[in-house]
Enquirer: 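One structure coming up, written as structure tokens, with questions to follow.
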Amino acid sequence: MPETTSEFTSPNLSVLIPADKIRERIREMGQQIASDYAGRRPELICVLKGAMIFLSDLARAIDLNLTFDYIAVSSYGKEKSSSGEVKIVKDLDEPLQGRDIILVEDILDTGLTLSYLVNSFKARGATSIKIATLLNKPERRKVEVHADYIGFDIPDEFVVGYGLDYAERYRNLPYIGVVKG
Ligand code: 5GP
């Protein structure tokens, strides 16, 4: 038997949201954002690493003059205290004063990360802050966070792909999957 090397069709994975559904939904989100921000120049802030693929597809669906910045916070489950304190591992390059911010996240889970970032960005003088998240797990919320643009509500399952990892693996899957077993 030849050894199989396919990552995308691994038998350990089941597809939750296929690539064409993601593409279509991001196209709609981009059009909505372009219409909401018409005449303005928003800054998209990507929460690394998970949101990188979503950001690059979403940005190309927004027909506006916009800019980017990147922030990295401590990874899931590690060093995240129950108080909601999140450690910034890589901070923004540019000041936020006077900017319209769209915070781009892969998944809204407990809400601790995004509520921390929204409060921090408000304190830095952003004019407005909205959230665009590809996925939302409403059942898991611990703190109230309002997401303005949501790709898909999903059940309480650990998902991978399209930027999301399991121990740094699977980020390059073109779909959202669930690891079996
Ligand atoms: P929150 O602060 O909302 O609990 O968590 C947000 C972060 O937790 C996400 O950016 C992501 O890194 C991680 N996370 C939450 N749920 C999942 C999941 O189902 N799969 C993966 N890979 N990461 C998740």
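In what follows, every heavy atom counts, from backbone to side chain, and hydrogens, waters and symmetry copies are set aside. Remember, it's 1-based here, ligands and their atoms both numbered in the order they're listed. Bear in mind that the values here come from a model prediction, so they are computed numbers and not experimental data.
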Enquirer: Applying a 4.0 Å heavy-atom criterion (strictly less than), which segment of Asp106 is in contact with ligand 1: side chain, backbone, both, or neither?
Expert: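 The side chain, only.
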
Enquirer: Taking heavy atoms and a distance under 4.0 Å, where does Arg140 meet ligand 1: side chain, backbone, both or neither?
Expert: neither

Enquirer: So between Leu135, Ile107, Val160, whose heavy atom ends up nearest atom 14 (N) of ligand 1?
Expert: Ile107

Enquirer: Can you tell me if CG on Asp63 sees more than 12 non-hydrogen neighbours from other groups inside 6.0 Å?
Expert: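 Not more than 12 within 6.0 Å, no.
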
Enquirer: Less than 3.5 Å between some nitrogen or oxygen of Leu114 and one of ligand 1, yes or no?
Expert: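 No; every N/O pair is 3.5 Å or more apart.
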
Enquirer: Is the shortest distance from a heavy atom of Gly50 to ligand 1 less than 4.0 Å?
Expert: no

Enquirer: Do you know the tightest heavy-atom contact between Gly30 and Leu58?
Expert: N-CD1, 4.0 Å

Enquirer: Please work out which of Leu117, Thr113, Val179, Ile154 has its closest non-hydrogen atom nearest to atom 2 (O) of ligand 1.
Expert: Thr113

Enquirer: Number the atoms of ligand 1 from 1 as they appear, then name those within less than 4.0 Å of a heavy atom of Thr110, with their elements.
Expert: 1 (P), 2 (O), 3 (O), 4 (O)

Enquirer: Tell me whether Lys130 at atom NZ has more than 12 heavy atoms from other residues, nucleotides or ligands lying less than 6.0 Å away.
Expert: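 Yes, the 6.0 Å shell around NZ holds more than 12 heavy atoms from other groups.
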
Enquirer: With rounding to the nearest 0.5 angstrom, report the NZ to CD1 distance, Lys122 to Ile129.
Expert: 6.0 Å

Enquirer: Say whether Val159, considering both its backbone and side-chain N or O atoms, lies within less than 3.5 Å of an N or O atom on ligand 1.
Expert: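 Val159 vs ligand 1: N/O contact under 3.5 Å present.
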
Enquirer: Should the pair Tyr166 and Phe158 be assigned to parallel (<30°), tilted (30 to 60°) or perpendicular (>60°) ring geometry?
Expert: perpendicular

Enquirer: Please indicate whether any nitrogen or oxygen in Glu105 is less than 3.5 Å from any nitrogen or oxygen in ligand 1.
Expert: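 By distance alone, the answer is yes.
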
Enquirer: Taking only heavy atoms of Leu164 into account, list the atoms of ligand 1 that are under 4.0 Å away from them.
Expert: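 Those atoms are 21 (C), 22 (N), 23 (N).
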
Enquirer: Restricting to non-hydrogen atoms, name the atom on Phe54 and the atom on Leu134 that form the minimum distance, rounded to 0.1 Å.
Expert: CE2-N, 3.4 Å

Enquirer: Out of all atoms in ligand 1, which are within 4.0 Å of some heavy atom of Lys137? Include the element for each.
Expert: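 Numbered from 1, ligand 1 contributes 16 (N), 17 (C), 18 (C), 19 (O).
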
Enquirer: Please could you name the atoms of ligand 1 that Asp165 approaches to less than 4.0 Å, counting only its heavy atoms?
Expert: 21 (C), 22 (N)

Enquirer: So, for Glu7 and Leu173, which heavy atoms are closest and what is the spacing to 0.1 Å?
Expert: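 Smallest interatomic distance, heavy atoms only, reads O-CD2, 3.9 Å.
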
Enquirer: With side chain to side chain contact (heavy atoms under 4.5 Å, CB included) as the test, pick out the partner of Ile107 among Leu114, Leu164, Thr113.
Expert: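 Checked Leu114, Leu164, Thr113 against Ile107; only one passes side chain to side chain contact (heavy atoms under 4.5 Å, CB included): Leu164.
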
Enquirer: Show the nearest heavy-atom pair for residues Val145 and Gly111, with the distance to one decimal.
Expert: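 The answer is CG2-O, 3.4 Å.
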
Enquirer: Give the numbers and elements of all ligand 1 atoms closer than 4.0 Å to a heavy atom of Asp109.
Expert: 1 (P), 3 (O), 4 (O), 5 (O), 15 (C), 16 (N)

Enquirer: Where do Ala51 and Val104 come nearest, in terms of heavy atoms and distance?
Expert: CB-O, 3.3 Å

Enquirer: Glu157 heavy atoms, cut-off 4.0 Å: which ligand 1 atoms fall inside?
Expert: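 It comes down to these atoms of ligand 1: 19 (O).
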
Enquirer: Is it true that Tyr166 lies under 4.0 Å from ligand 1, counting heavy atoms only?
Expert: no

